[in-house]
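Below you'll find the structure, written out as structure tokens, and then a few comments.
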Amino acid sequence: MNQQGYIVEIVDSVTAKLKLKRHFACASCGKCATTSEEKYIIVEADNTIGAKVGDRVEVNMETVNVLKAAFIAYTIPLLALLLGTVGTFYGLKAINIKNNVEIISGGAGLIFTILSFLILKKNDKKFRDSKEYIPIVTRIIVSSGNEINL
């Protein structure tokens with residue numbers, strides 16, 4: 001998946017923050033700082049080619065990695081919710097607990113979901129360090145001073 005954007009900040013010698021136009025398929029996976037109303041997103045990218053602030057660049061992230069990241073960010077918490085809720089419901093029924101089964105099951109589902117988010121958050125550094133889910137600046141399209149106009 002190729003996109004174009006502007007370098008807005010150099011984080012360190014190999015990482016830069018980019019301002020990209022929000023793609024219609026872009027969802028808030030946690031890798032960018034955005035709200036649903038914003039037209040643009042800020043994304044950290046691997047900048048080994050040495051682009052500077054204000055440069056218009058092309059970034060690439062393999063489509064399969066985008067799909068893997070979306071799976072990790074959305075499917076794992078959803079499965080935790082479903083397994084926690086359904087598993088607790090049938091587990092309580094199996095041991096003949098009949099009072100407030102639905103409420104307890106719903107609470108367990110929420111707890112499992114929160115735990116899955118905490119586990120994902122704890123492993124965020126591992127995902128970042130792998131560079132598998134980080135976009136890569138592939139080329140400088142226009143090298144311009146510090147002017148950033150999208």
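In what follows, residues are counted from 1 in the order of the sequence shown.
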Shared ILVMFWY cluster between Leu83 and Ile95, side chains joined below 4.5 angstrom? no
Output the distance between atom CZ (Arg56) and atom CD1 (Ile140), rounded to the nearest 0.5 Å. 13.0 Å
How many angstroms lie between CZ in Phe117 and CD1 in Ile76, if you round to the nearest 0.5 Å? 10.5 Å
Test side-chain contact (heavy atoms from CB on, under 4.5 Å) on Asp46 and Val14 and set out the steps. CA-CA 6 Å; Asp46 189 352; Val14 293; 4.2 Å; yes
Ile72 CD1 to Asn123 CG distance, which is reported to the nearest 0.5 Å: 9.5 Å
Rounded to the nearest 0.5 Å, what's the gap from CG on Leu120 to OH on Tyr74? Could you check? 12.0 Å
Would you indicate whether the side-chain heavy atoms of Val57 and Ile7 approach each other to under 4.5 Å? yes
Axial cation check for Tyr6 ring with Lys19, 6.0 Å and 45° limits: no
Would you check, one step at a time, whether the test side-chain contact (heavy atoms from CB on, under 4.5 Å) holds for Ile136 with Val59? CA-CA 5 Å; Ile136 299 169; Val59 293; over 6 Å; no
Taking C-beta and beyond as the side chain, do Val53 and Val8 meet within less than 4.5 Å on heavy atoms? no
What's the verdict on side-chain contact (heavy atoms from CB on, under 4.5 Å) for Asp55 and Val142, showing C-alpha distance, side-chain angles and the deciding distance? CA-CA 6 Å; Asp55 289 353; Val142 177; over 6 Å; no
How close do Gly109 and Thr85 get, heavy atom to heavy atom, and via which atoms? CA-OG1, 3.3 Å
Inter-residue atom distance Lys93.NZ - Thr88.OG1, 0.5 Å rounding: 13.0 Å
Kindly give the heavy-atom pair with the smallest separation between Asn99 and Ile104, and that separation in Å. O-CD1, 4.0 Å
Spacing of OH belonging to Tyr40 relative to CD1 belonging to Ile42, to within rounding of 0.5 Å: 11.0 Å
Hydrophobic clustering (ILVMFWY, side-chain heavy atoms < 4.5 Å, transitive) - are Leu20 and Ile141 grouped together? no
Closest approach of Ser105 and Leu92, non-hydrogen atoms and distance? OG-CD1, 4.4 Å
Do you know the tightest heavy-atom contact between Lys17 and Val11? CG-CG2, 3.8 Å
Show, in sequence, the C-alpha distance, side-chain angles and deciding distance for Gln3 and Glu58, and conclude whether the side-chain contact (heavy atoms from CB on, under 4.5 Å) test is met. CA-CA 6 Å; Gln3 272 192 287; Glu58 182 178 87; over 6 Å; no
Search all heavy atoms of Thr15 against all heavy atoms of Glu44 and return the closest pair with its distance. CG2-OE1, 3.9 Å
List the atom of Ile97, the atom of Val101, and the distance in Å for their closest heavy-atom pair. O-CG2, 3.1 Å
